[in-house]
Amino acid sequence: MAAARRYWLMKSEPDVFSIDDLKRQRRTSWDGVRNYQARNFMRDDMRVGDLVLFYHSNAKPPGVAGIARVCKEAYPDHTALDPNSPYHDPRATKDEPIWMMVDVAYVARFPEQVTLDDLRREQSLKDMLVLRKGTRLSVQPVERRHFERVVKLGGLQVKDII
DNA sequence: GCCAACGTTGGC
DNA sequence: GCCAACGTTGGC
C-alpha cells in the first residue's frame, strides 16, 4: 500500500520563478535550495504525487499563488557544481553533491492569490509554519487540513486538483 | 532600503 | 562545544 500523500509549501521569488513560469514550462527542477532542513525534507520525505502550495516570497503582496505536484523524487542539484551558477557551492563534488532537488509539475494557478494577510486572518490556519515569526524555511511541511483550506481560499475545489 | 530573525562559519 | 561575527531571508 502506498504511503499517504503529503503536503508542502515551497517558496519562490516570482521575479526569479513564478507560478506563471511554471505554468508555461509545465514542470521544473527545484534547484537552488541551500538550507539543510529544507534539503532533508526534499530528500527524505517528498514523494511523487505530493502536493505543494506554491508561495511567492519577496512579492507585493506575498502569498500562495497556486498548486504544484512533486513529479520526480530527490536527486543531486547539479547547479551546486557549476561555477557560473548563482547556486554554486565550492564544497560540492560529483560524489558528494551535498544539495538535492526534486522536480515539480504545474497543477493550478489560483484565480486569486491567497495573500499572507489572508492566511493570517484565518483562525483555522494559525498553526501554519509559514505564519510563524522568523520561519524562513523555503520548503516546509503543511498539514492536509491547512492545505485544503488554502485551496478553497484560492477559489479552487480540492477534488479538482487531486 | 531597513532590519529582525535565523543559519552557518570558524576561532578558541 | 561555545559563541561572536557574518550572511541570508523575507516582510515591511
Side-chain angles (χ1 to χ4, degrees), chain A residues 6-25 28-46 50-70 73-104 106-143 145-147 149-155:
Chain A
R6 298 188 199 220
Y7 301 89
W8 305 95
L9 180 148
M10 296 171 90
K11 298 178 183 173
S12 182
E13 300 190 20
D15 290 348
V16 178
F17 192 83
S18 72
I19 188 77
D20 292 320
D21 294 323
L22 182 61
K23 184 174 186 179
R24 270 190 293 277
Q25 283 181 218
T28 192
S29 52
W30 204 268
D31 59 15
V33 172
R34 296 293 179 269
N35 169 282
Y36 288 104
Q37 203 179 348
R39 179 205 65 183
N40 293 349
F41 279 132
M42 290 198 295
R43 185 190 62 192
D44 302 336
D45 299 324
M46 269 194 190
D50 286 0
L51 292 171
V52 177
L53 298 175
F54 194 112
Y55 182 90
H56 281 172
S57 60
N58 261 317
K60 293 174 186 173
V64 180
I67 306 295
R69 179 181 348 96
V70 176
E73 285 170 21
Y75 60 106
D77 180 347
H78 54 77
T79 64
L81 299 173
D82 177 1
N84 296 318
S85 168
Y87 304 127
H88 180 234
D89 182 341
R91 299 169 305 162
T93 65
K94 207 164 183 223
D95 286 341
E96 296 273 350
I98 305 180
W99 303 111
M100 309 286 280
M101 59 189 178
V102 297
D103 287 359
V104 304
Y106 174 78
V107 174
R109 182 191 198 283
F110 286 155
E112 294 256 4
Q113 175 173 273
V114 181
T115 68
L116 186 56
D117 280 345
D118 294 334
L119 298 176
R120 287 204 181 101
R121 271 195 290 272
E122 275 293 313
Q123 183 62 19
S124 62
L125 299 178
K126 66 177 170 50
D127 294 328
M128 284 187 78
L129 278 179
V130 73
L131 299 180
R132 195 171 299 173
K133 186 174 172 181
T135 295
R136 306 184 313 186
L137 257 188
S138 64
V139 176
Q140 51 183 263
V142 171
E143 290 179 33
R145 63 193 174 97
H146 291 153
F147 178 88
R149 185 75 193 119
V150 173
V151 168
K152 283 176 189 159
L153 289 172

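On a predicted model such as this, the values are computed, not experimentally measured, just so you know. Naming: A, B, ... by sequence-line order, numbering from 1 per chain. Hydrogens, waters and symmetry mates are skipped; everything else that's a heavy atom, side chains included, is used.
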*Taking only Lys NZ, Arg NE, NH1 and NH2, and the carboxylate oxygens of Asp or Glu, determine whether A:Asp20 and A:Lys23 approach each other closer than 4.0 Å.*
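Salt bridge between A:Asp20 and A:Lys23, a charged N being under 4.0 Å from a carboxylate O: no.
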
*asked:* Would you say A:Lys11 places a side-chain N or O within less than 4.0 Å of OP1 or OP2 belonging to C:dG10?
replied: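 The answer is yes; a side-chain N or O of A:Lys11 sits under 4.0 Å from OP1 or OP2.
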
*Given C:dT8, is OP1 or OP2 found less than 4.0 Å from the side-chain N or O atoms of A:Tyr87?*
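Indeed not, no polar side-chain atom of A:Tyr87 lies that close.
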
*Under 4.0 angstrom, heavy atoms only, what part of the nucleic acid is A:Arg91 near: base, sugar-phosphate, or nothing?*
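Sugar-phosphate contact only - A:Arg91 comes under 4.0 Å of backbone atoms but never of a base.
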
*Side-chain touch A:Gln113/A:Val64, heavy atoms, less than 4.5 angstrom*: no

*Evaluate the side-chain proximity of A:Leu119 to A:Val114: yes if any heavy-atom separation is below 4.5 Å, no if none is.*
yes

Whole Å only: how far is the [atom1] atom of [X] from the [atom2] atom of [N]?
| X | N | atom1 | atom2 | result |
| --- | --- | --- | --- | --- |
| A:Lys60 | C:dC12 | NZ | C1' | 10 Å |
| A:Asn35 | B:dA5 | CG | P | 19 Å |
| A:Tyr55 | C:dG11 | OH | P | 4 Å |
| A:Gln37 | B:dA5 | CD | P | 18 Å |
| A:Ile98 | B:dT9 | CD1 | P | 9 Å |
| A:Arg132 | B:dG7 | CZ | P | 12 Å |
| A:Leu131 | C:dT9 | CG | P | 20 Å |
| A:Glu13 | C:dT9 | CD | P | 8 Å |

*Which residue pairs pass the side chain to side chain donor-acceptor pair (under 3.5 Å) test when at least one of the two sits in residues 6-19 of chain A, sequence neighbours left out?*
A:Trp8-A:Asp50, A:Glu13-A:Asn58, A:Ser18-A:Asp21

*asked:* Please evaluate residues A:Asp89 and A:Arg34 with respect to the criterion salt bridge (charged side-chain N to carboxylate O under 4.0 Å, His left out), reporting the C-alpha separation (whole Å), side-chain torsions for both, the decisive distance (0.1 Å), and the verdict.
replied: CA-CA 9 Å; A:Asp89 182 341; A:Arg34 296 293 179 269; 5.3 Å; no

Under 3.5 Å, N/O pairs linking protein and nucleotides 2-4 of chain B:
none

*Take A:Asn58 and A:Gly134, find for each the nucleotide of DNA chain B with the closest heavy atom, and name the residue whose nucleotide sits nearer the 5' end.*
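First, find each residue's nearest nucleotide; the 5'-ward one identifies A:Asn58.
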
*What do you reckon, is CD of A:Glu112 surrounded by more than 12 foreign heavy atoms closer than 6.0 Å?*
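12 or below, so no.
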
*Mark yes when over 12 heavy atoms from residues, nucleotides or ligands other than A:Arg39 sit less than 6.0 Å from its CZ; otherwise mark no.*
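Yes, because the 6.0 Å sphere around CZ of A:Arg39 holds more than 12 heavy atoms from other groups.
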
